[in-house]
Structure formats: C-alpha cells, structure tokens
Amino acid sequence: MSRLACVGFAVLLGSVAVGIYWNYDGFDPESLRGATVVITGCSSGIGEEMAYQYARLGAKILITARRENRLKEVVAKAKSLGAQEAHYVAGDMGKAEDCERTIQTAKEKFGQLDYLVLNHVGSTKVSNAPERILSGLSWDEDPDVDYFVDFLNVNLVSYVRLASLALPLLKESSGHIVVISSLAGKVPFPTQTCYSAAKFGLDGFFSSLRVELMKAQQDVSVTLVVLGIIKTQGIVDYLKHEAFLKAAVPVNETALAIIRGGATRAREVYQPFYTWPFATLRALWPGVLDNIAVDVDK
Ligand SMILES: NC(=O)c1ccc[n+]([C@@H]2O[C@H](COP(=O)([O-])OP(=O)(O)OC[C@H]3O[C@@H](n4cnc5c(N)ncnc54)[C@H](OP(=O)(O)O)[C@@H]3O)[C@@H](O)[C@H]2O)c1
Ligand SMILES: *[C@@H]1O[C@H](CO)[C@@H](O)[C@H](O)[C@H]1NC(C)=O
C-alpha cells in the first residue's frame, strides 16, 4: 500500500471512530418503558410529538396545555400508540395554582416522577405565541412592558415553579429535568428581546441548579435543549423566508433527540447540529456573532 493510501485509511478510521464517539450516547429505549413523565405544552408542536414518542416507548405520561379538547385527542392517540398510562391537566402554566395542580396530579396518578419536560411557550396577551415572537417588531418599535412581564411569567417563572414543585419527587427517583430552549437562548437576534430574555434566563437558572444539585450530590439531571428551526405547524404558517423553511428539521426527529438527551442525562442537546457552532462561536467571539445576527435579519 502506498504511503498516501495508508494515511488516507488512518484518517478514515479516525473519522469513523470520532463519528461513533459523537453519536454514541448509550441510549436504551427500554429504560422508558413504564417511566413516569410530565410534559408541558402538548396540545401542538414539539410537545404533542414528544407525547407520542414517549407513548411508543411505553411510558406513563401526563400532559398539559390550555386547550382541553386538543389534550383529549392527544391522550387518546398516545394510548393507541402504546402509552401505559396517559392523563392530562388542562391549565394555564402562567397561574401558580395550575402548576401546583399539574404536579399534584402526577403524584396522585403515578406515585412518583421520573421526568419533568418543560416545553410550553406562550403568552396570555396574544392567542398564538409565534405571532409576537415572529412579528418582526423590535423592542424600540413596541416597548410593551406588560407583555414582557406576562411573557416571562409564562415562559420562565412557570418553568422554575414546576421544577421546584417536582424536585422532591425527582430526587426520590434519581429523575430528570428537561428544559426546552432555543438558539435564541444562546445567541441574541434582533426582534427576539422577550423570547431571548426568557430563554437566556432558563439557561442561567437551570445551569446554576445543575451545579447546585451536583454539589449537593443529588442525582437529578438537568438537560438544556437548544433548538434551531423546527418544522412545527406554527413555524410553517409564520416563516415567510424560503431559506429558513429549508433549514427547518422534522418535528419527530427533534422529539426523539430530546427524549434521548433526557434519558442519557446529557447536559445539553443541540438540534439541529448547526446550533452548536453558533452557540460556541457566540461564547468565544460575541462581537462577530452580533454582526452575523444583524445580517441574518436583513
Ligand atoms: N418550533 C421551533 O422552531 C422552535 C425553535 C426553537 C425553540 N422552540 C421551543 O420548543 C418548544 C415547543 O415549541 P413549539 O414550536 O412546539 O410551540 P407550539 O406548537 O406553539 O406549542 C406550544 C404549546 O404550549 C402551550 N401553551 C402556550 N401557552 C401556555 C400557557 N400559558 N399555559 C400552558 N400551556 C401553554 C400551547 O398550548 P395551548 O395554547 O393549548 O395552551 C402548546 O401546546 C418551546 O419551548 C419553544 O420555545 C421551538
Ligand atoms: C419521521 O417521519 C418520517 C416521515 O413520516 C419517517 O420516515 C421517519 O422515520 C420518522 N422518524 C422518526 C425518528 O420517527
């Protein structure tokens, strides 16, 4: 074999090894059979799809959102797909009593809790969350502080509230907290002020909670999920840019990537892959990323 061929072969072997290392996460689908899971924001989008994927894996699920008619349909489909149990709580996560009712119901139905998957996104001020998030309005054009307070209550405070209520149960079961964030929770973009405030806030709170739990030697994992553009109905309806839609990845693959990350106690999940270099570059060279963010928005 020529020297060149040897080098080529070694590089190939090395790449395969790195590829296997990167993709190997020790995920065992069987670990989810009978696992108890609370998922928020399940009347549409990624939350609804996660409910179906957990169901296929034989989990016991409790789902939440405000639209009860939709939750009934999702519960029925989850049961038909193989969920050992499927329950719902219809409620507004912006209300403390509805968060309490959610975790209380999980306690009553399951007697324990393995997973808390925090996924909902919305606002009490506008009917459809993407409407404002994707409106294209800058803060300067529409500095609506009442909207901001409500948005943080629904998308940041409620996540903290639900996790706090669930933590005693999760500690007993060496459980998992999964927090759905966004590239906008790692990188600032124009027109995303409120959304970024909530998602950066989730990173700050839950990354701190993670190290607190580590320090206290509590075996509860915290997985932060950094999502790019996912092909949910909301995104398809509102995204006008052809190029952005092309970059969007399927909801079912995303739901499975989140479930894998939670089950394998990953610190963070990046889906799709391009969110990782952006987040990493932003941490290293924030000024360069500011310029890219300004250009992307044009
Ligand atoms: N799709 C993307 O491209 C994308 C990109 C990055 C990050 N993400 C993140 O992924 C997660 C899921 O997003 P998605 O695209 O699947 O959103 P979606 O389709 O709009 O679903 C949002 C869910 O949250 C529920 N919800 C909204 N306000 C609520 C409230 N006050 N109380 C309780 N439930 C409420 C909605 O149900 P009701 O209206 O029935 O209450 C719905 O089930 C979010 O955390 C989002 O930030 C998504
Ligand atoms: C997602 O859906 C597509 C098309 O329906 C299917 O081919 C693919 O196998 C699914 N992937 C997962 C992870 O469920």
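Quick caveat: nothing in here was measured; it's all calculated off a predicted structure. Just so you know, residue 1 is the first one in the sequence shown, and it goes up from there. Any value given below was found using the heavy atoms of this structure, including those in side chains, with hydrogens, waters and symmetry copies removed. In listed order, ligands and their atoms are each counted from 1.
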Check whether any heavy atom of [X] sits under 4.0 Å from an atom of ligand 1.
X	result
G228	yes
C42	yes
K199	yes
T124	no

ILVMFWY cluster, L118 and M50 together (side-chain gap under 4.5 Å):
no

Can you tell me which portion of [X] lies within the under-4.0 Å heavy-atom range of ligand 1? Options are side chain, backbone, both, or neither.
X	value
V154	side chain
K231	neither
N119	both
S181	backbone
L227	both

Using a strict 4.0 Å cut-off to heavy atoms of [X], name the atoms of ligand 1 that fall inside it.
X	result
G45	16 (O), 19 (O)
T232	1 (N), 15 (O), 16 (O)
I230	1 (N), 2 (C), 3 (O)
G91	32 (N), 33 (C)
I180	9 (C), 10 (O), 11 (C), 45 (O)
R67	37 (O), 38 (P), 39 (O), 40 (O)
Y195	6 (C), 7 (C), 8 (N), 9 (C), 46 (C), 47 (O)
S182	6 (C), 7 (C)

Just to verify, which of [options] counts as forming a side-chain contact (heavy atoms from CB on, under 4.5 Å) with [X]?
X	options	answer
T275	L227, V225, L183	L183
H120	T64, I39, L162, I180	L162
L137	T193, T191, D142, D144	D142

Under the 4.0 Å line, does any protein heavy atom show up next to atom 1 (C) of ligand 2?
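Yes, there is a protein heavy atom closer to it than 4.0 Å.
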
Within the structure, does at least one protein heavy atom fall under 4.0 Å of atom 9 (O) of ligand 2?
no

Describe, in one word, how the ring planes of Y54 and Y115 are oriented to each other, choosing from parallel (under 30°), tilted (30 to 60°) and perpendicular (over 60°).
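Tilted.
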
Walk me through whether M93 and Y159 qualify under side chain to side chain contact (heavy atoms under 4.5 Å, CB included).
CA-CA 8 Å; M93 294 302 113; Y159 276 48; over 6 Å; no

If you take the nearest heavy atom of each of V121, T40, D92, which one is closest to atom 24 (O) of ligand 1?
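Comparing heavy atoms across V121, T40, D92, the nearest one to atom 24 (O) of ligand 1 lies in V121.
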
Quick one: which of I39, V249, I46 has a heavy atom closest to atom 16 (O) of ligand 1?
I46

Do other residues, nucleotides or ligands put more than 12 heavy atoms under 6.0 Å from D140 CG?
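No - once you tally the heavy atoms of other residues, nucleotides and ligands closer than 6.0 Å, there are 12 at most.
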
Should the heavy atoms of other residues, nucleotides or ligands under 6.0 Å from CG of L4 be counted, would the total exceed 12?
no

Protein heavy atom at shortest distance from atom 4 (C) of ligand 2
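Nearest neighbour among protein heavy atoms for atom 4 (C) of ligand 2, to 0.1 Å: N252 ND2, 4.7 Å.
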
Provide, to 0.1 Å, the distance between atom 13 (C) of ligand 2 and the closest protein heavy atom, together with that atom's residue and name.
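The closest heavy atom on the protein side is L256 CD2, 3.8 Å.
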
NZ/NE/NH1/NH2 to OD/OE distance under 4.0 Å, E212 and K215
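No salt bridge links E212 with K215.
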
Kindly indicate whether a cation-pi arrangement holds for K77 with Y52, taking the cut-offs as under 6.0 Å to the six-membered ring centre and within 45° of the axis.
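That pair qualifies as a cation-pi contact.
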
Walk me through whether D114 and T36 qualify under side chain to side chain donor-acceptor pair (under 3.5 Å).
CA-CA 5 Å; D114 296 311; T36 51; 3.1 Å; yes

Side chain to side chain contact (heavy atoms under 4.5 Å, CB included) between F110 and L169, worked out
CA-CA 11 Å; F110 302 144; L169 290 170; over 6 Å; no

Other members of the hydrophobic cluster containing V11, with the 4.5 Å side-chain heavy-atom rule, please.
V7

So, R56 side chain and A83 main chain: donor-acceptor pair closer than 3.5 Å or not?
no

